[in-house]
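Just below is one structure, and these are the notes that go with it.
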Amino acid sequence: RLSSALNSMADGFLLVDGQDRVVLWNQRFFELYPHFAPVLRVGAPDQLLLEAAARFNLPRGSAEDHRQWVERRLQWRNSGGAPYERLRPDGLVIESIETPLPDGGTVGIYRDVTAMRRAQNELAESKATLDQALDAMSDGFVVFDARERLLLWNRRYTEMLPYLHGKIYPGMSMDELGAIAAAALFPQRTEAERVAWCQARRAKRLGQAEGVRFATMPDGRVIESID
């Protein structure tokens, strides 16, 4: 039953005892580390697995390079084994989580996160491309979600409304943005008057599907807004 349970796991599993000898592993672990085949057996010193890993990750490395790799790997494990990711020569990105046991042994969980990291990188690249395109616009641009939370904006937007520079962030509400604008546009008004202005502006915005508005800035510029 234990073997079946372990082999049903999506992650690799390895158990090493207090004498640093291999006790148990599952099929997924072997699939993730086929280069351990010559040394992976019950009772094998964990050092043999680490040395095999060093040769795999540093195929052109010297014996000294391999020794230092193993040493760094042991230092990471002895430091508490916080989640660690490595891009391997075969292109896989493996996340390792090794937890010390009371008897001095270690239980390791190994996860293939290649697809997730690839998707995150592609998303980051797409966002960078979008940011470049937005920043190339001569007009200010801002997007809010259905809950009126700020999603994104371009550089020109804060250039046109400098009082927002350094004060806006993703997830900020439209009401919070309005409060900053009111304080900058009407410094002589009371807080109650500013709140009333924000409420009137919000009511006007909600009362029309789309529209064009004009606002005069403290420096005399007139900003056209199209919602």
Side-chain angles (χ1 to χ4, degrees), residues 9-11 32 80-88 91-97 99 109-227:
M9 293 174 59
D11 301 328
L32 292 174
Y84 170 81
E85 288 185 12
R86 172 177 293 279
L87 173 60
R88 301 193 326 193
L92 294 183
V93 180
I94 304 297
E95 179 186 58
S96 304
I97 305 173
T99 305
I109 300 295
Y110 308 90
R111 180 174 300 128
D112 183 353
V113 296
T114 309
M116 181 173 64
R117 291 293 172 257
R118 183 179 296 121
Q120 289 175 339
N121 291 337
E122 290 174 354
L123 180 61
E125 290 174 1
S126 297
K127 185 180 184 304
T129 299
L130 176 61
D131 288 344
Q132 291 173 2
L134 293 178
D135 286 340
M137 295 173 63
S138 58
D139 298 327
F141 179 88
V142 63
V143 177
F144 293 87
D145 65 15
R147 297 187 301 162
E148 298 189 340
R149 297 288 177 177
L150 182 60
L151 290 179
L152 58 90
W153 63 94
N154 66 353
R155 182 174 59 238
R156 184 59 177 150
Y157 179 67
T158 53
E159 289 175 350
M160 297 176 71
L161 306 174
Y163 55 80
L164 295 178
H165 184 71
K167 297 181 179 180
I168 60 177
Y169 54 87
M172 185 180 198
S173 72
M174 194 177 290
D175 288 340
E176 290 173 315
L177 204 65
I180 295 174
L185 295 173
F186 312 113
Q188 303 305 320
R189 294 189 184 183
T190 66
E191 182 64 23
E193 289 173 328
R194 293 175 188 168
V195 171
W197 178 84
C198 290
Q199 291 174 340
R201 188 169 181 271
R202 176 180 175 80
K204 183 177 181 180
R205 184 179 70 251
L206 295 177
Q208 55 188 23
E210 60 180 30
V212 178
R213 297 191 305 274
F214 297 89
T216 301
M217 299 293 103
D219 59 6
R221 292 178 300 121
V222 177
I223 301 298
E224 178 188 49
S225 301
I226 303 174
D227 295 337

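Taken from CD in E159 to OG in S138, the straight-line distance is 11.0 Å, to the nearest 0.5 Å. The distance from atom CZ of R88 to atom CD1 of I94, rounded to the nearest 0.5 Å, is 4.5 Å. To the nearest 0.5 Å, atoms CG (L161) and CH2 (W153) are separated by 13.0 Å. Here the CG atom belonging to N121 is positioned 10.5 Å from the CE atom belonging to M116, to the nearest 0.5 angstrom. Atom CZ of residue R117 and atom CG of residue L92 lie 13.5 Å apart, to the nearest 0.5 angstrom.
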| task | Tell me, with the steps shown, if L150 and E176 meet side-chain contact (heavy atoms from CB on, under 4.5 Å). | result | CA-CA 10 Å; L150 182 60; E176 290 173 315; over 6 Å; no
| said: Applying side-chain contact (heavy atoms from CB on, under 4.5 Å) to L164 and M172, what does each step give before you reach the verdict? | reply: CA-CA 12 Å; L164 295 178; M172 185 180 198; over 6 Å; no
| query | Is there a side chain to side chain donor-acceptor pair (under 3.5 Å) between D112 and T114 once you walk through the steps? | reply | CA-CA 6 Å; D112 183 353; T114 309; 2.5 Å; yes
| query | Should I97 and R111 be marked as a side-chain contact (heavy atoms from CB on, under 4.5 Å) after you check the CA-CA gap, both sets of side-chain angles, and the distance that decides it? | reply | CA-CA 9 Å; I97 305 173; R111 180 174 300 128; 4.2 Å; yes
| task | Show the numbers, then the answer: is there a side-chain contact (heavy atoms from CB on, under 4.5 Å) between V142 and F144? | result | CA-CA 7 Å; V142 63; F144 293 87; 3.7 Å; yes
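Counting only heavy atoms from C-beta outward, the side chains of M137 and L134 approach each other to under 4.5 Å. Within the 4.5 Å cutoff, the side chain of R118 has no heavy atoms near those of the V93 side chain.
For the residue pair Y163 and A181, the shortest heavy atom distance occurs at CE1-CA, 3.5 Å. Residues P83 and E95 approach most closely at CB-OE2, 4.1 Å, considering heavy atoms. Summarising the geometry of R149 relative to S173, their closest heavy-atom pair is NH1-CB, 3.5 Å, with the distance given to 0.1 Å.
Under the 3.5 Å distance criterion, the side-chain polar atoms of N154 are left unmatched by any main-chain donor or acceptor of A133. Remark: the backbone N or O of R194 is not paired with any side-chain donor or acceptor of R189 at under 3.5 angstrom.
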